[in-house]
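The structure under discussion appears below in the form of structure tokens.
Note that the coordinates shown come from a computational prediction; the quantities given were computed from them, not determined experimentally. Chain naming here is simple, since letters A, B, ... match the order of the sequence lines and numbering starts at 1 in each.
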There are 2 protein chains.
Amino acid sequence: MTEAPFIAVVEDDPEIRALAVSLLERENFDAAACENAAALDDLLTRRTPDLIILDVMMPGEDGLSVCRRISAQGGPPIMLVTAKGDDIDRIIGLEIGADDYLPKPFHPRELVARARAILRRASSTTASALPSSGGHLFRFEGWSLDPAARGLLDPDGLPVELSAGEFELLSAFVQHPQRVLSRDFLMDWTKGRDATPFDRAVDVALSRLRRKLRDDPQSPKFIRTVRNGGYLFAPRVERA
Amino acid sequence: MTEAPFIAVVEDDPEIRALAVSLLERENFDAAACENAAALDDLLTRRTPDLIILDVMMPGEDGLSVCRRISAQGGPPIMLVTAKGDDIDRIIGLEIGADDYLPKPFHPRELVARARAILRRASSTTASALPSSGGHLFRFEGWSLDPAARGLLDPDGLPVELSAGEFELLSAFVQHPQRVLSRDFLMDWTKGRDATPFDRAVDVALSRLRRKLRDDPQSPKFIRTVRNGGYLFAPRVERA
DNA sequence: CCGGCGCCGTTACACGCCGTTACAAGGTTG
DNA sequence: CAACCTTGTAACGGCGTGTAACGGCGCCGG
């Protein structure tokens, strides 16, 4: 990455705003917080974000209105964040020029993944002809994981069926390779909740994932156990 | 396509008026906005619409009155738009010559679907009066879905019969590919209503759609199940 | 107005995911 | 070496999902 993409987060709830900013910064984005539409307008006079993440329900000018205004003049891509179940707003949102939307409450990883996807789409002028996906693939040791289509191919190119939990788990690893990921982190990533005491859910899910990756826990090629620490994804991961 | 049907939208609220016009134009109709009955009369001296979409509650002459006047002289078909749940208006509306009735707030898609239905009914030559797929055809894995003609072609170009519900469901997917769509979202999209507890309607509809797409639920190429989340359309979709 | 037909919502049941539990196999500590 | 920890995983069962079957309802042709 040449330079960190700049993302504006427009959200009135201070807690969610701070959460979103910290999530993005943790993933090495450059994030700026705006508490309302006016603050965004002010920011836009000084810098042009690569992406605007916009809450729909806000005091003052609401997100749909801001979205309409900005996309009408060909501004940066916009991701709308809407309260859960507000489907009509969602549909209209896309029709008035938003590039994506995210239902609230959102999973931390969803926010980051979708931001990445939009930025990639916006920056790539080349139409990639990758099989069955809009673009992004994670490759490791001949395997490839398609996060958009939620599919995994083994080194022979044969599809391997992953359950929802296994897919989320593997996603966490390929997006954070060569780092020790604690069980707490993995629990939060895959389920969005904290582990209860004596919770073995991660261990069992991991055991099942290892089997599908044909990884031997005695001498693992992919997922190494770090005693008292968590797990570590050993292969080098390419983003293609 | 012979020529885009011409639709007049009579509605005093500028936001709803703009929304309706933009929805119709997106579907290749030719739409004209009128902010009141007088503007409609003015328009009628110049062009005859194929359909008039008419708000009931308006300052000045109200929609019922306009409807009575126009249908009495055998004018174009009329769709009334009224405040929600106003059954009396509904009955009166249909008795004084309206062809259909749309409760407000309406689903964006519902407006378009009903407009299409009326035009189809009104014109003896069914398909030719509707805007053809000109700009809108969704292709995925060799299949193609024509939203205007409501038809699906398999990779060999053979037509596959879809029921209304199946078509709406597939529409939702091709317009939101590679995104997890919740059952709530799909219910709202296809029926415009909320799911009741233990509602399996979406699951069953989806199962039927999968069969027509010849998609194996055990290792789906098209529609993947995301447990506790919803469904995801995996293929890359092109708009042609 | 009647009867057939097709759509689709409901129901019922089968099946597979995954969280829990239990136990085994190391490792660690004293 | 004993006691205790951590981790791997088989087994079990609750529950979410797939889908066959049934039947109500609306549509359409007599």
> Would you say a side-chain N or O of A:Arg183 is under 4.0 Å from OP1 or OP2 of D:dT7?
Replying inline: yes
> If each of B:Glu166 and B:Asn228 is mapped to the nucleotide of DNA chain C with the nearest heavy atom, which maps nearer the 5' terminus, i.e. the 5' end?
Replying inline: B:Glu166
>> One thing to verify: whether A:Asp55 and A:Lys104 come together as a salt bridge, which I'm taking to mean a side-chain N less than 4.0 angstrom from a carboxylate O.
In response: yes
>> Using whole Å, what does the distance between atom P of nucleotide C:dT10 and atom CZ of B:Arg208 come to?
In response: 11 Å
> Taking NZ, NE, NH1 and NH2 as the nitrogens, is one of them in B:Arg47 or B:Asp30 under 4.0 Å from a carboxylate oxygen of the other?
Replying inline: yes
> What is the distance from CG of B:Leu206 to P of D:dT17, rounded to the nearest Å?
Replying inline: 11 Å
> Could you state the CG-P distance from B:Asp203 to C:dA12, rounded to the nearest angstrom?
Replying inline: 16 Å
>> OP1 or OP2 of D:dG18 versus the side-chain N and O atoms of B:Arg224: is any pair under 4.0 Å?
In response: no
>> Would you say B:Ser163 places a side-chain N or O within less than 4.0 Å of OP1 or OP2 belonging to C:dC8?
In response: yes
> Do the side-chain N or O atoms of A:Thr225 get closer than 4.0 angstrom to the phosphate oxygens (OP1, OP2) of D:dG8?
Replying inline: yes
>> Applying a 4.0 Å non-hydrogen cut-off, can you work out what B:Arg210 is touching in the nucleic acid: base, sugar-phosphate, or nothing?
In response: sugar-phosphate
> Within this structure, what is the CD1-to-P distance between B:Ile223 and D:dT17, rounded to whole angstrom?
Replying inline: 15 Å
> Of the nucleotides C:dT10, C:dG9, D:dT9, which one has an atom closest to the side chain of B:Asp199?
Replying inline: C:dT10
> Closest heavy-atom contact between B:Ala201 and B:Met187?
Replying inline: CB-CE, 3.9 Å
>> Expressed as a whole number of angstroms, how long is the span from B:Asp215:CG to D:dG18:C1'?
In response: 13 Å
> Can you check the B:Arg227 CZ to C:dC15 C1' distance for me, whole Å?
Replying inline: 11 Å
> Between B:Ala201 and A:Ala164, which has a closest nucleotide on DNA chain C that is more 5'?
Replying inline: B:Ala201
> B:Phe233 and B:Phe140: aromatic ring centres closer than 6.0 Å?
Replying inline: yes
>> In this structure, how many angstroms lie between the C1' atom of D:dT6 and the CG atom of A:Asp184, rounded?
In response: 15 Å
> Separation of B:Phe167 atom CZ from C:dC7 atom P, in whole Å?
Replying inline: 15 Å
> Does B:Arg200 place a side-chain N or O at less than 4.0 Å from the phosphate oxygens OP1/OP2 of C:dA12?
Replying inline: no
> Within the pair A:Tyr231 and D:dG8, is there a side-chain N or O less than 4.0 Å away from OP1 or OP2?
Replying inline: yes
> Can A:Arg150 and A:Glu168 be counted as an ion pair, charged N to O under 4.0 angstrom?
Replying inline: yes
>> If you assign A:Arg211 and A:Val226 each to the DNA chain D nucleotide with the nearest heavy atom, which residue ends up on the more 5' nucleotide?
In response: A:Val226
>> It should be established whether B:Ser207 places a side-chain nitrogen or oxygen under 4.0 Å from OP1 or OP2 of nucleotide D:dG18.
In response: no
